[in-house]
Amino acid sequence: MLTLRLPDGSTREVAPGTRPRDVAESIGKRLAQAAVAAKVNNVVLDLDRELPSDGNGDIAFQILTDRDAEALAVLRHSCAHVMASAVMRLFPGAQLAFGPALENGFYYDIESPTPIREDDFPRIEEEMKKIVKAAEPFERFERPTAEARALCQDMSQHYKVEHIDDDLKQYPSISFYRVGNFIDMCRGPHLPHAGRIGAFKVLSIAGAYWKNDQNRKQLQRLYGTAFFSQKDLDAYINQLEEAKKRDHRLLGKQLKLFTISQLAGSGLILWMPKGATIRGILESFIKDELMKRGYEPVYSPHIGRLELYRTSGHFPYYRDAQYPPMYHHPAGSALDLAQHRLAAGVLNEKKELDMAQFMQLTQFAVPGYAEAKTQDDKLEAVHRYVANVLQAMNVEMPDYPKATDATSRAQALLGWLKDQEGYLLKPMNCPHHIQIYKAEPRSYRNLPVRLAEFGTVYRYEQTGELSGMTRVRGFTQDDAHLFVTPEQIEQEVGANIDLVLFVLSSLGLNDYRVRVGLRDPGANKYVGSAEDWDKAEQTLVKLVSSRGMNYTAEKGEAAFYGPKIDFVVRDCIGREWQLGTVQLDYNLPKRFELEYVGADNKTHRPVMIHRAPFGSMERFMGILIEHFAGAFPLWLAPEQARVATISEKFTDYGKKVEGELKSAGFRVSGDYRPEKINYKKREALMEKVPYLLVVGEKEQTNGTVAATDRVAGDLGVMSVAELCKHLEAEVRERRIRQVSTGSAGLTDTGAKYAE
RNA sequence: GCUGCUGUAGCUCAGGGGUAGAGCACUUCAUUGGUAAUGAAGAGGUCCUGGGUUCAAUUCCCAGCAGCAGCUCCA
């Protein structure tokens, strides 16, 4: 017999092979009707799956009903099947890939001979309704792997076959689910029957690569969502619409915080006066904090010698994500690109694809390159191109003709390029800060050295990535680099984690998650020794866990020079963005041969910490706009109060009040137009001005103002001095009165961490 | 970069093979008011750009650019 432990603590004995449905029925008829799935030892199962027979000890058992979040995921996964089934009926020959449930819905990746379009959504939904109405059961069956493969083959589901061959071969058997005449290879679990889907909607369609691999075929990803009731669906749609109103791109325009001009360049933020005011306050805020914490300010230029970035590794490594390098010599750019290609040598298929894309991006058109069959022929084409350029542009490069293979040709080109004046818009501040570190001899006595700068960097992000203020091509990091002894690492990284936490909590940003980015052992894109990496990764994990922080360690999320701790928040539509970051780096100190003199009078190598509590001013601002829904707290509000006159007769008094507040240091404006007070108040509220100060006959006579708080409403009449006291306290405390939830109350990943 | 959608006044959007439309904002005039829109008049457009089809293109077709959603990428 098995012993089931129910959520209320009671236990129940059942025979092996009992199904959750039986248990539910034995508990009560209504529970059995409400049952969606079961949770057995923390695994969600179908109601008709037999309970495991090898139970040693109690089995934690729970019937999931429509009230459980996990049941909603089951519903959505089932709805993905229903949608796929509908698509199969309407689009003959469609191939199915993956169709999982998501946090707020589901998708199915599909390849159809006739592409699915948005116009098709209504008839897909119609077909889905029929399937839901038929309320046929989801039936699970298993087949030995070979048989399962044959079944998929019979159904002409090539992606399923490929998936078995790639990843599922190792399992003895594979499960399928049937609903109506639709069969899909699937792990489950599913609803008892399709009729349990109360409400659904097909939302959008977009491209997605098979197995999320850029080098594989692109499929159509059809998104939808589903709920147990129409009411829940309506509420969700409504919530989405509300969230969209907080979009920083919309509010940024409405509130005149920033703009992006096509003429000035996409991805390049133009800060308007109001946005710039907020940014300036944030910058002073963090600057004051840094001075207290032993940082020293530095400044560095917007461009740097290419050689600097060759040394750091940024220039070759992020080549295709940078604005093109600037060479004085007219042949510089062409030869630079040729060098890049020759140095890459013989490429595999994937690398060649990347390279072709990059060459297209840079308009590096080499005659005969595309037509060349072999990699060696491609390299020859580049070589002929170089020879032509050298001749046509009269470039003296004696080493080049002597070179006979791609590597030595690349070498010869590099030798020439290194002698050229060449600059790069700086993609990172660290190499500059490193030069400042190196400008004087350093002793262990004055480490850590902490160099801070609001450094503006430029990265040529792919067009599809650009998004408002959150993903841009020019941005300012609240950057600093710490040069420390190995013994100081824990202390300094720890202090920086605390700094990030302080900054986030000062702004009421509590809805974020912490990600420890580790290297992906399988990838070869990292620099430095395995020992250094292990050491660095262990340190970071130790620090976050010792603080009791809730974090996820993610492989492949490290920077190329070291692991990092990222603070990730969500925007109003649920997308994740990295804000603050603390990164540990053993590699750049080696590349730049950094040193300090230790107590033993010998030279040692410092370790670097890269960190930015805001991340970038642009992204932080974007997230902040959404966080406050444009209504910034008083200490940040670009316009803190507005004087509004009842009629033009009180203009002089209004201006007097405005002047007094301004000399008290507040950001105040006055609305003296001949409009009614209703009109002026509405406008002030729409512009999210925290305080409205109404002045009329009574106020003029008594030397007062009638203050209205945007959030709390009428504050009554008070003197200007009283008002100043009130405002001053609110600013000093950096009081936050109103925030919006991080992502429209859309549930988060569960990795949330709030101090 | 890829897939799909979109591009009309400062903003939000309607329209449609043959003189371009609304609301808000803006300007002017009247109104001098007590806490979420006073009334009237006026001004404002290379219908994203470049090609093509057509007697005629803002409208249809193609390409480019930009924006949006998703995927990939993100030092």
Side-chain angles (χ1 to χ4, degrees), chain A residues 107 109 115-119 203-223 244 247 249-250 253-254 256 259-263 265-267 309 312-315 317-318 320-322 353-354 356-358 360-361 426-431 457 459-468 470-472 477 479 517 525 527 557-562 564 566 573 575 577-578 581 583 585 588 610 612 619 644-651 673-686 692-699 706-708 710 713-714:
Chain A
Y107 68 77
D109 284 347
I116 302 166
R117 292 155 39 86
E118 244 175 84
D119 306 347
L203 292 172
S204 64
I205 189 157
Y209 300 103
W210 166 227
K211 297 204 170 181
N212 285 343
D213 182 345
Q214 200 180 163
N215 301 309
R216 297 197 201 223
K217 187 143 188 177
Q218 193 162 33
L219 312 172
Q220 289 190 290
R221 179 167 294 178
L222 198 49
Y223 284 88
K244 278 187 189 157
D247 191 318
R249 292 164 293 194
L250 194 71
K253 195 180 273 181
Q254 277 170 8
K256 301 193 170 96
T259 187
I260 301 170
S261 144
Q262 209 173 310
L263 187 59
S266 55
Y309 294 104
S312 70
H314 291 106
F315 178 53
Y317 189 87
Y318 288 104
D320 52 352
Q322 282 160 359
L353 202 74
D354 288 349
Q357 273 174 11
F358 172 65
Q360 204 177 353
L361 179 78
K426 78 173 166 188
M428 285 284 274
N429 300 305
C430 33
V457 297
R459 299 175 186 176
Y460 196 82
E461 304 288 0
Q462 302 184 87
T463 51
E465 304 307 337
L466 298 176
S467 178
T470 45
R471 193 79 185 265
V472 293
Q477 299 172 313
D479 209 357
K525 60 176 188 174
V527 298
E557 290 294 322
F560 77 98
Y561 50 70
K564 55 182 185 158
D566 291 330
I573 50 175
R575 286 184 294 207
W577 302 98
Q578 171 197 318
T581 182
Q583 311 178 353
D585 177 10
L588 286 182
H610 308 239
R619 180 175 290 178
T645 46
I646 292 291
S647 86
E648 280 181 305
K649 287 187 285 192
F650 312 109
T651 303
R673 294 174 300 175
E675 294 290 351
K676 289 167 84 163
I677 195 65
N678 288 337
Y679 183 87
K680 295 183 185 184
K681 179 175 186 179
R682 179 170 192 272
E683 205 154 89
L685 287 170
M686 305 277 276
L692 182 70
L693 311 171
V694 176
V695 296
E697 182 84 50
K698 283 177 289 187
E699 290 76 17
T708 303
R710 204 191 67 88
D714 189 9

Can you check whether A/His314 reaches A/Pro431 side chain to side chain, under 4.5 Å on heavy atoms? yes

Using only side-chain N and O atoms of A/Arg249, determine if any of them is under 4.0 Å from OP1 or OP2 of B/A69. yes

Flag side-chain contact, heavy atom, 4.5 Å: A/Asp585 against A/His610: yes

Listing time: all N or O pairs from protein to nucleotides 40-51 of chain B that are below 3.5 Å?
none

Distance check, C1' atoms only: B/A14 and B/A9, in whole angstrom units. 13 Å

Could you go over nucleotides 35-38 of chain B and give all protein N or O partners under 3.5 Å, atom names and distances?
{"from": "B/U35", "atom 1": "O2'", "to": "A/Lys681", "atom 2": "NZ", "distance (Å)": "2.7"}
{"from": "B/U35", "atom 1": "O2", "to": "A/Thr708", "atom 2": "OG1", "distance (Å)": "3.4"}
{"from": "B/A37", "atom 1": "N7", "to": "A/Arg682", "atom 2": "NE", "distance (Å)": "3.3"}
{"from": "B/A37", "atom 1": "N7", "to": "A/Arg682", "atom 2": "NH2", "distance (Å)": "3.4"}
{"from": "B/A37", "atom 1": "N6", "to": "A/Arg682", "atom 2": "NH2", "distance (Å)": "2.5"}
{"from": "B/A37", "atom 1": "N1", "to": "A/Arg682", "atom 2": "NH1", "distance (Å)": "3.1"}
{"from": "B/A37", "atom 1": "N3", "to": "A/Arg682", "atom 2": "NH1", "distance (Å)": "3.4"}

With C1' as the reference atom in both, quote the distance from B/A37 to B/A25 in angstrom, rounded to an integer. 13 Å

Is any side-chain heavy atom of A/Arg682 less than 4.5 Å from a side-chain heavy atom of A/Asn678? no

Pairwise P distance for B/G51 and B/A57, with rounding to whole Å: 12 Å

Rounded to whole angstrom, note down the P distance from B/U8 over to B/U49. 10 Å

Ignoring hydrogens, what is the shortest heavy-atom contact between A/Lys680 and A/Thr645? Give both atom names and the distance. NZ-O, 2.9 Å

Whole-angstrom distance between B/G15 and B/C60, as gauged at atom P: 12 Å

Could you list the residues that satisfy salt bridge (Lys or Arg N to Asp or Glu O under 4.0 Å) with A/Asp109, not counting sequence neighbours? A/Arg221

Spacing of the P atoms in B/G1 and B/G64 (rounded, Å): 10 Å

Would you call A/Glu683 and A/Arg673 a salt bridge, taking side-chain N to carboxylate O under 4.0 Å as the test? yes

Is any N or O donor-acceptor pair between the side chain of A/Gln220 and the base of B/U3 shorter than 3.5 Å? no

Grab the two heavy atoms, one from A/Ser266 and one from A/Leu466, that are nearest each other, plus how far apart they are. OG-CD1, 3.8 Å

Whole-Å distance, A/Leu203 CG to B/G4 C1', equals 15 Å

Toward the 5' end of RNA chain B, which comes first, A/Gly696 or A/Ser266, by nearest nucleotide? A/Gly696

By salt bridge (Lys or Arg N to Asp or Glu O under 4.0 Å), which residues pair with A/Asp320, not counting sequence neighbours? none

Under 4.0 Å between any heavy atoms, over every strand shown, what does A/Leu466 touch: base, sugar-phosphate, or nothing? Just pick one. sugar-phosphate

Check the distance between B/G33's C1' and A/Lys698's NZ and give it to me in whole angstrom. 13 Å

Side chains of A/Lys564 and A/Gln578, heavy atoms from C-beta outward: is any pair under 4.5 Å? yes

Under the salt bridge (Lys or Arg N to Asp or Glu O under 4.0 Å) test, residues paired with A/Lys649 that sit two or more places apart: none

Under the rule for side chain to side chain contact (heavy atoms under 4.5 Å, CB included), what residues qualify as partners of A/Tyr460, not counting sequence neighbours? A/Tyr323, A/Leu361, A/Arg473

Side chain to side chain contact (heavy atoms under 4.5 Å, CB included) involving A/Glu648 - partner list, sequence neighbours excluded: A/Thr651, A/Pro674

Going 5' to 3' through nucleotides 70-75 of chain B and flagging B where a protein heavy-atom sits under 4.0 Å of the base, S where only the sugar-phosphate is that close, and - otherwise, we get BBBBBB

Taking A/Arg216 for its side chain and A/Tyr209 for its backbone only, find out whether a donor-acceptor pair lies under 3.5 Å. no

Reading nucleotides 9-15 of chain B 5' to 3', which nucleotides get B (base under 4.0 Å from a protein heavy atom), which S (sugar-phosphate only), which -? ---S---

Which value, in whole Å, describes the distance between the C1' atoms of nucleotides B/G50 and B/C55? 23 Å

Can you tell if the side chain of A/Leu222 reaches within under 4.5 Å of the side chain of A/Gln220, non-hydrogen atoms only? no

For B/U8, decide between syn and anti, treating a glycosidic angle within 90° of 0 as syn. anti

B/C11 versus B/C26 - spacing of their C1' atoms, nearest Å: 11 Å

Pairs counted as Watson-Crick or G-U wobble with both distances under 3.5 Å: what dot-bracket string results for RNA chain B, using | for bases tied to another strand? (((((((..((((....[..)))).(((((.......))))).....(((((..]....))))))))))))....

For A/Ile260 and B/C68, what is the distance between atoms CD1 and C1' respectively, to the nearest whole Å? 13 Å

Indicate the ring-plane relationship of A/Phe560 and A/Tyr318, choosing parallel, tilted or perpendicular according to the 30° and 60° boundaries. perpendicular

Could you work out, with side chain to side chain contact (heavy atoms under 4.5 Å, CB included) as the rule, every residue matching A/Ser204, not counting sequence neighbours? A/Tyr223

Report the distance from atom CG of A/Leu693 to atom P of B/G34, rounded to the nearest whole Å. 19 Å

List for me each residue that meets salt bridge (Lys or Arg N to Asp or Glu O under 4.0 Å) alongside A/Lys211, sequence neighbours excluded, and say none if there are none. A/Asp166, A/Asp167

